[in-house]
Every structure is written in C-alpha cells, then in structure tokens.
Amino acid sequence: SQQGEEDPQALSIQEGENATMNCSYKTSINNLQWYRQNSGRGLVHLILIRSNEREKHSGRLRVTLDTSKKSSSLLITASRAADTASYFCATVHTSNTGKLIFGQGTTLQVKP
Amino acid sequence: DTAVSQTPKYLVTQMGNDKSIKCEQNLGHDTMYWYKQDSKKFLKIMFSYNNKELIINETVPNRFSPKSPDKAHLNLHINSLELGDSAVYFCASSQSTGGFFEQFFGPGTRLTVL
C-alpha cells in the first residue's frame, strides 16, 4: 500500500516566500528521503534524514522528522522561480533492499 | 556526461506489441531499479537488481521482464502491451542496496499504448 501522503497536493507562492510541504507515513521507517522532479524530467535526490534524526539542513532546505507522529516536513526558504517543481517524500522500511515508497508529491509553483 | 541514461525517451506503440526500454548507468553503482509513474505522478517501484541479481520484484504482471546483462545495464521488456501500461518509466541506480544510498534517476521513457 502507498506509504507516504503529502500535503498540500499543490502550492503556489511568490518568489522570496517560504514553502512548506508535509509528508505522513504509516509504518516504521529506516529513513526518509526527499526528491524533486522538474516537469518532464527524472527525480533528483535532495536530502535524506535517518529515523534517529530530527532535523537536517542543506542550503535553503530544512527537513524535520517526527517519528512519533510519523511525519516529515520540507521547508524551502527564500524560494526562487527555479524551485518550481514537484517534491516527493520517499520512505525506506527497516529492510536492506533499498526499496523506496513514494508519496503522491506536492506540486510547487513559485511565481516571479 | 549522463549518469543514468534511458532509451528511447518516447515510445508510442499499438496494443499487443512487444517493446523494450534500455537503461545504462556510468556511476559504477551496484544497484539499479525500474519505477513506473502514472498519469497522477504516483511513482511505484517495479524491480531492482543488485550486481545482476534480482532483489525487488513487486506485484508486476509477468508481461514485464527485466534483464540485467551486467551491473551497468538494466533493460525492461514488456510483452503484449496494454492500454494501462501507458506511463513514464524511470530507471534509477544507487551505490548499493540498503536504503541509505540516494538513488539517481534517468530522464524517463514516456510509453504511450494506443
């Protein structure tokens, strides 16, 4: 069954604003990853957060993980038009197969 | 230098035909994957291979058969294509199995079955 659900499904903001996307999942995870997909392209890995971590930063990206609530959030600060894309969270179960289970994705539009 | 490449980028074919999609990675990774993304952008794992050995085989019709001639290549052959097979198929690779490795995705192959 689908593991991750993302909220909102679509988000439209002005350049310079912050964008927050949320991801919820159902069962225990080993780690959670965020990917970006530009229109018509493949996915690009953004950040990985392990189940024993609570927060992680990478440039303008900040990811939080709350395992008690089975949720994660991705914050993009000072957004740019180039951030316009779909963002997916993906979870890895406590297994060693590398299987990623993707959420539905959030489509972000950043208006110049 | 393309890290993960797929051919063809677009594939339009008739129902009932057999087609193949090829994938190659030049990253030296041990593990490769096939994903299917439907029209609602839902992305689902189909198969993964680690060093030519099948690791993940999701509930996929047996009309789909992956083949890994070496660890740098993972091809997907689809027999008797159906309308529901229309989707974008992504190949990906990672350094190894075990979930802590980021996956690198190819550009996708958009398959349209008429």
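Here is how names work: the chains are called A, B, and so on, in the same order as the sequence lines, proteins then strands, and each is numbered from 1. Small disclaimer: the values here were computed from a predicted structure and weren't measured.
Residues B:I78 and B:M15 fall within the same hydrophobic cluster, defined by Ile, Leu, Val, Met, Phe, Trp and Tyr side chains chained together at heavy-atom separations under 4.5 Å. Put simply, B:V4 and A:V44 are part of two different groups of oily side chains (I, L, V, M, F, W, Y) that touch within less than 4.5 Å, one to the next. Under the 4.5 Å side-chain contact rule for hydrophobic residues, B:M32 and B:L76 share a cluster. Residues B:I21 and B:V88 fall into different hydrophobic clusters, defined by Ile, Leu, Val, Met, Phe, Trp and Tyr side chains chained together at heavy-atom separations under 4.5 Å. With hydrophobic clusters built from ILVMFWY side chains whose heavy atoms lie under 4.5 angstrom apart, A:I47 shares a cluster with A:M21.
Rounded to the nearest 0.5 angstrom, A:H45 NE2 and B:F104 CZ are separated by 8.5 Å. Summarising the geometry, atom CZ belonging to A:F88 is positioned 6.0 Å from atom NZ belonging to B:K41; distances are rounded to the nearest 0.5 Å. The distance from atom CD of A:Q37 to atom CZ of B:F105, rounded to the nearest 0.5 Å, is 9.0 Å. The distance from atom CG of A:L43 to atom CG of B:L43, rounded to the nearest 0.5 Å, is 5.5 Å. In this structure, CD1 on A:I101 lies 9.5 Å from CD1 on B:I45, to the nearest 0.5 angstrom.
In this structure, the side chains of B:Y33 and A:L100 stay at 4.5 Å or more apart for every pair of heavy atoms. Contact check for B:F100 versus A:N30: side-chain heavy atoms found under the 4.5 Å cut-off.
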Handout entry: side-chain contact (heavy atoms from CB on, under 4.5 Å) between A:F102 and B:Q37, worked out
Key = CA-CA 10 Å; A:F102 282 86; B:Q37 187 173 44; over 6 Å; no
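Remark: A:R54 CZ is packed, more than 12 non-hydrogen atoms of other residues, nucleotides or ligands lying under 6.0 Å away. Atom CD of A:Q9 has 12 or fewer heavy atoms from other residues, nucleotides or ligands within 6.0 Å. Residue-environment remark: CD (B:E53) stays at or below the threshold of 12 foreign heavy atoms within 6.0 Å. Within 6.0 Å of NZ in B:K22 there are 12 or fewer heavy atoms belonging to other residues, nucleotides or ligands.
Contacts between B:F101 and chain A at a heavy-atom distance below 4.5 Å involve the backbone alone (N, CA, C, O). Interface remark: A:L48 contributes side-chain atoms only to the contact with chain B (heavy atom separation under 4.5 Å). For B:K44, no part lies near chain A; criterion is any non-hydrogen pair under 4.5 Å.
Heavy-atom pairs under 4.5 Å with chain A peak, among B:K9, B:E58, B:Q6, at B:E58.
A distance-only check finds a donor-acceptor pair linking the side chain of A:Y35 to the backbone of B:Q103 [under 3.5 Å].
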